[in-house]
Every structure is written in structure tokens, then in C-alpha cells.
Amino acid sequence: MAEYDVIIIGGGPGGYVCAIRCAQLGLKTACVEGRGALGGTCLNVGCIPSKALLHASHSYHEAHTNFEKMGLMGGNVSVDMGKMMDYKQSVIDANVNGIEFLFKKNKVDYLRGWGKITAKGEVSVDGEVHKAKNIVIATGSEVAPLKGVEVDQDKVIDSTGALALTEVPKRLVVIGAGVIGLEMGSVYARLGAEVTVVEFLDHITPGMDAEIQKTLLRSLKKQGIKFVLKAAVQRVESKDGVATVHYKLRKDDSDASLEAEKVLLATGRKPFTEGLGLEEMGIKTSPRGQVETDGNRRTNVEGIYAIGDVITGPMLAHKAEEEGIAVAESIAGQAGHVNYDVIPGVIYTTPEVASVGKTEAELKEQGRAYKVGKFSFMGNGRAKAVFGSEGFVKILADKDTDRILGCHLMGPMAGELIHEICVAMEFGASAEDIARTCHAHPTFSEAMREAALACGDGAIHA
Ligand code: FAD
Ligand code: NAI
């Protein structure tokens, strides 16, 4: 038995970041992970492998659509799925090994096995008991089931199955037009599958800016992805190598169906707390299964904290990381703060989508007077040079004070560009602060400045 200041259960971006920061703050720290590899969902079956496949499929698509336009001839590039998956795995391995290295460097003990909280200050790892003054639950999430749809990882796959296909399906039906559905749908559409996305709502990417939702939908349709909106999937049946997705059209309650070689279930994720001992410990959970916490990520049991996908809030790796650092700091006696108002969201489609702060719908609901500064990537020289002029930047600023309240954009490198606004918001900056900052030419980020200018006297290149 070993004794620690902190034991973190779960080695995903919430858990491993928390562990490293705890160790850096002088706390004797261990991190328990049961899947046999550090990095959690994110590194093993989430963010990182999906971005590797998005990169590979985007490169393939570029070779076929834009290379000749630039005078790059003769490249009839073909797909070798085996090699693509090897590349994806090498990216995962490099990242996972990196975390093991960081644990050694920071003297975090890596306890391999499934952890269970057996008493206050006690974690059993596959039966071996370890003591800790503080325990952090960072056990993440898993795919939420959908009634009538059984994931067999053959005909019906989840995101993990979609990250490991050995051939491109002729037809792929995606259930759910959220982030996973659109990212993985894009991968296989680019590689040649006929992709149809069936979505319950009348729009895609719930929670995003409405104008972005419409523009992204139009763009994805142009890329060949089909959408069936306002349709509730009822069940999926598999027979003779074909899956049939049965759904109800909400407008008239009529039944319809689609056939496909593969069906991807992408209707959301739920907290993973199985075998953790929550009930026995009296740790409170919400009706949705999230571990309940206060503003400082403390559970109702003293000395036990929770972070990341297993608690409330957006299921995002960087949100989990922020909470990991904050909890480490709280345990070490520091402030431990997370600004939940400035957590960016990115969808890695082409064009990319990024968003931070309030949407127009939210501001209207709050009755807050705001102004909109918009700029199209059509007016950005760099974007034109890389076939990236589709999309726009929209900055929302307070009507009276000019303080930036939100930003929503779709376009090249949107996921990088958004951070200019995140930093600005952290500093309480105005749109004019961005507009008066010299931006290098020719860069995509000039579009951010132009949108900021549009909040004032007007953009130059519009
Ligand atoms: P997790 O990463 O889920 O890690 C929890 C870990 O705890 C797991 O490794 C699990 O094995 C372990 N564990 C659970 N219970 C126990 C136990 N009892 N004992 C020991 N170990 C245990 N987010 C983004 O921000 N950007 C993206 O681009 C992005 N892409 C995604 C793509 C896909 C396909 C998916 C599925 C998710 C994606 N996400 C993305 C979401 C992101 O992966 C999660 O928000 C993030 O991983 C949450 O981190 P976490 O540390 O809370 O949990
Ligand atoms: P999601 O919550 O983003 O989207 C699920 C979609 O399925 C919704 O649009 C919903 O309306 C729809 N839906 C639900 N039931 C349905 C039904 N019966 N029929 C048809 N449609 C139905 O969930 P998703 O895409 O599974 O992602 C899970 C989590 O992973 C998200 O919270 C996201 O934050 C995270 N993630 C983040 C990424 C990123 O940051 N780039 C990438 C991938 C995942």
C-alpha cells in the first residue's frame, strides 16, 4: 500500500493534466488508468485519431479537387485504408508515450488497473488498496445508447468503430448531426462513401450560432453529404450484410428508411462511472449520471473532487484540462479558477468552425444590446490563395461598451484563429482593441481584424 496526497482516477486529458499539475505543485501524486494506455478517450479513441483521419482524408480530397488547379499534375492518389490506420495508430502511440514520459519526468506514479473508491481517502486498484488525502474522479464518458440501435461494431458502429474501419463503406448512414457525426461523416465522404446524416432537430450542430449552422450545412451538402433533418431514428435492423435505418419524419409522423453498409451512432455521450463505488460512498450524481460538484469541483464527500466529461458542462478535452489544473491548484491551497464563459468549441470539418462566448440567440434571450461585426473570407487574400474563401467571421460586441461578447467563425484555420478572441475576452477587450492591433499580411487572421473593424467604422476589404 502506498500513501499519496492525491490519487486521480482516470488518465484522460482531465486526469493526466491534473496529475502533472499536482506533482508540479509538490503533491505526491498517482494516476489510475484502466484502459492500458494514458490519454483517455481523447488520445486513444477521440480527438487525436479523428484529427489524424480528418487530415489524411482532407489531403486525399485536396489531391483530387485542387492539385490540378495549381499545376500539380498526374497524382491519381488512391486510398490504402490499412496504411491510413497505421498512420493514425502511430499518431496515437506518439501522443500516449509522450504522457508516460511526462509522468516519469514529473514523478507521477502510474497505477495500471481499474480504480474504485472503497472509503474516504482510499482507492483500490484491481484489489490493491492505496491511501490518498484527496481523490479526483476523472473517469470521462462513453457512448450513450439509443433505444432500438445496438452497436455491434460491425454493421452498426460508434465513433471508436468509425476510427478503425478497414475499408471505405459504399454507403454510410450517420445518426446525429453533432460534432462526431459531421467530423466522421466528412472523413468517409471525402474517401468516397455516400454519406447520409439523419438528425432529429431541424438544424445541425445544436447550440452553435444559427448562421454558422446554416452555412456549414450548405457547405457540407455541396461536398456531397446528404441530410435528413427533423427525423427521429427508431431502430436499425441488419440483414444480409445491409443495415436498414428506420426513422420517423417529424413533420407528418410518416415512416421512412435508409439502407447502408455501415451505420454510425453519434447521438451523444454519457458520464462513465461504472464500478467506481459512487453509490456505496454516497457521492451524489445528477439524473443524467453526472457526478455533482460545487463551483470548485468538490463532490458532496469531503476530499473527493470530479472533473471533465464526468461532470456537467461541454464534453471537451480542453475543458477537462482546465478543470484538472484548477483542482490541482485548489488542493495545493491556491485559487483554482476556470472561466466557463471563455471555452472555445471547434468542429474540424472543412471549412473549420469555431466559436467562443455568447451566440446571438443567447444575447437576445438575455435582452442584451449588441452589435455584429461580420467579414467574409471572400475578402481575405490568403484564403483565396488556398481555396479557402468559403465562410465568415462574426464578432459580437456590447452595443454601448464595445466589449467582445462572442465570436463565431467558419473558414480556414478557424480553430486556431478563435484564440485571438479568447485572449481578448480574458482581458475584457473591446472590438476596437482587435481592430487597432496590426495583423500580418497576408494571414487568415486579418479576417478577425476586419470583423472587429466591422463592429466600428467598417471593414476595409468588404
Ligand atoms: P476521458 O478522456 O474519457 O478519460 C477518462 C479515462 O478514465 C479513460 O481513459 C478511462 O479508461 C479511465 N477510467 C474510467 N473509469 C476508470 C476507473 N474506474 N479506473 C481507472 N480508469 C478509469 N474534444 C475536444 O476538445 N476536441 C476534439 O477534437 C474532440 N474530438 C473527439 C472525437 C471523438 C470521436 C470523441 C469520442 C470525443 C472527442 N472529444 C473532443 C471529446 C474529448 O475526447 C473528451 O471531452 C475528453 O476526452 C474528456 O476528458 P476526460 O479526462 O474527462 O475523460
Ligand atoms: P452531440 O451531442 O454533439 O450530437 C448528437 C446529435 O444527435 C444531436 O444533434 C442530436 O439532436 C442528435 N440526435 C439525438 N437523438 C437522435 C435520434 N434519435 N435521431 C436522430 N438524431 C438524434 O454528440 P456527439 O456528436 O455524439 O458528440 C459527443 C461529444 O463529443 C460532444 O459533446 C462533443 O463535445 C464531443 N466531441 C467534440 C469534438 C470537437 O470538439 N471537435 C469532436 C467530437 C466529439
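Both ligands and their constituent atoms are indexed starting at 1 by order of listing. Residues take their numbers from the sequence shown, with the count starting at 1.
With a heavy-atom cut-off of 4.0 Å, P49 does not touch ligand 1 at all. Heavy atoms of K116 found under 4.0 angstrom from ligand 1: none, in either backbone or side chain. Residue contacts with ligand 1 for L276 involve side-chain atoms from C-beta outward but no N, CA, C or O (heavy atoms, distance under 4.0 Å). When non-hydrogen atoms are compared, ligand 1 lies under 4.0 Å from neither the backbone nor the side chain of N44. Proximity of K319 to ligand 1, defined as any heavy-atom pair under 4.0 Å, is not found for any part of the residue.
On a distance-only criterion, T41 and ligand 1 share at least one N/O pair closer than 3.5 Å. Annotation: R35 places an N or O atom under 3.5 Å from an N or O atom of ligand 1; distance criterion only. Taking only nitrogen or oxygen atoms, main chain and side chain alike, S159 does not reach within less than 3.5 Å of ligand 1. Taking only nitrogen or oxygen atoms, main chain and side chain alike, G34 reaches within less than 3.5 Å of ligand 1. Of the polar atoms of L316, at least one N or O is found under 3.5 Å from an N or O of ligand 1, judged by distance alone. Of the N or O atoms in Y348, none lie within a sub-3.5 Å distance of an N or O in ligand 1. Every N/O-N/O distance between I9 and ligand 1 stays at or above 3.5 Å. Inclusion of D309 in the set of residues having an N or O under 3.5 Å from an N or O of ligand 1 is warranted. Residue-to-ligand polar distances place M315 within reach of ligand 1: an N/O pair is separated by less than 3.5 Å.
Taking the charged nitrogens against the carboxylate oxygens, E3 and K133 have no contact shorter than 4.0 Å, which rules out a salt bridge. Ion pairing between K131 and E122 holds under the 4.0 Å rule for side-chain N and carboxylate O. The pair E321-K319 does not meet the salt-bridge criterion, since no charged nitrogen lies less than 4.0 angstrom from a carboxylate oxygen. A salt bridge does not link D5 with K28: every distance from a Lys NZ or Arg NE/NH1/NH2 to an Asp or Glu carboxylate oxygen is 4.0 Å or more. We find that K170 and E261 are not joined by a salt bridge, their nearest charged nitrogen and carboxylate oxygen being 4.0 Å or further apart. No salt bridge links E199 with K230; every basic N to acidic carboxylate O contact stays at or beyond 4.0 Å.
The closest non-hydrogen atom to atom 18 (N) of ligand 1, taken over A317, G115, A37, comes from G115. Checking P13, G113, P271 against atom 49 (O) of ligand 1, the nearest heavy atom belongs to P13. Among G11, P344, G15, G46, the residue whose heavy atom lies closest to atom 35 (C) of ligand 1 is G46.
Nearest heavy-atom pair across R297 and I311 is CG-CD1, 4.2 Å.
For ligand 1, the atoms lying closer than 4.0 Å to a non-hydrogen atom of C42 are 2 (O), 43 (O), 47 (O). Every atom of ligand 1 with a heavy atom of G12 under 4.0 Å away is listed here by number and element: 2 (O), 4 (O), 6 (C), 51 (O). With ligand atoms numbered from 1 in the order given, ligand 1 contributes 49 (O), 52 (O) to contacts under 4.0 Å with heavy atoms of A320. Atom numbering of ligand 1 starts at 1 in the shown order; those under 4.0 Å from a heavy atom of S141 are 3 (O).
Judged purely by distance below 3.5 Å, without hydrogens or angles, the side chains of D158 and Q153 pair a donor atom with an acceptor atom.
The protein atom (non-hydrogen) at minimum distance from atom 6 (C) of ligand 1 is E33 OE1, 3.4 Å. In terms of protein heavy-atom proximity, atom 51 (O) of ligand 1 is nearest to G14 N, 2.9 Å.
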Enumerate, atom names and distances included, each donor-acceptor pair closer than 3.5 Å involving a side-chain atom of residues 8-26, sequence neighbours excluded.
residue : atom : partner : partner atom : Å
R21     : NH1  : Q24     : OE1          : 2.4

Compile the donor-acceptor pairs under 3.5 Å between side chains in residues 270-282 and protein atoms, sequence neighbours left out, one pair per line.
residue : atom : partner : partner atom : Å
K270    : NZ   : E142    : OE2          : 3.0
E280    : OE2  : K116    : NZ           : 3.1

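Residues passing the side chain to side chain contact (heavy atoms under 4.5 Å, CB included) test with D152 are D154, K155, V156, sequence neighbours excluded.
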Report task. Tell me, with the steps shown, if K394 and E211 meet salt bridge (charged side-chain N to carboxylate O under 4.0 Å, His left out). Result -> CA-CA 10 Å; K394 183 199 270 187; E211 217 175 339; 2.6 Å; yes
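In this structure, E142 falls outside the shell of residues with a heavy atom less than 4.0 angstrom from ligand 1.
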List, for ligand 2, each N/O atom that has a protein N/O partner under 3.5 Å away, with both atom names and the distance.
residue  : atom   : partner : partner atom : Å
ligand 2 : 3 (O)  : V179    : N            : 3.4
ligand 2 : 9 (O)  : E199    : OE1          : 2.6
ligand 2 : 9 (O)  : E199    : OE2          : 3.2
ligand 2 : 11 (O) : E199    : OE2          : 2.6
ligand 2 : 19 (N) : V233    : N            : 3.2
ligand 2 : 21 (N) : F200    : N            : 3.1
ligand 2 : 23 (O) : G268    : N            : 3.4
ligand 2 : 25 (O) : V179    : N            : 3.3
ligand 2 : 25 (O) : I180    : N            : 2.9
ligand 2 : 26 (O) : G268    : N            : 2.9
ligand 2 : 34 (O) : M315    : O            : 3.0
ligand 2 : 40 (O) : V346    : O            : 3.4
ligand 2 : 41 (N) : E183    : OE2          : 2.9
ligand 2 : 41 (N) : V346    : O            : 2.7

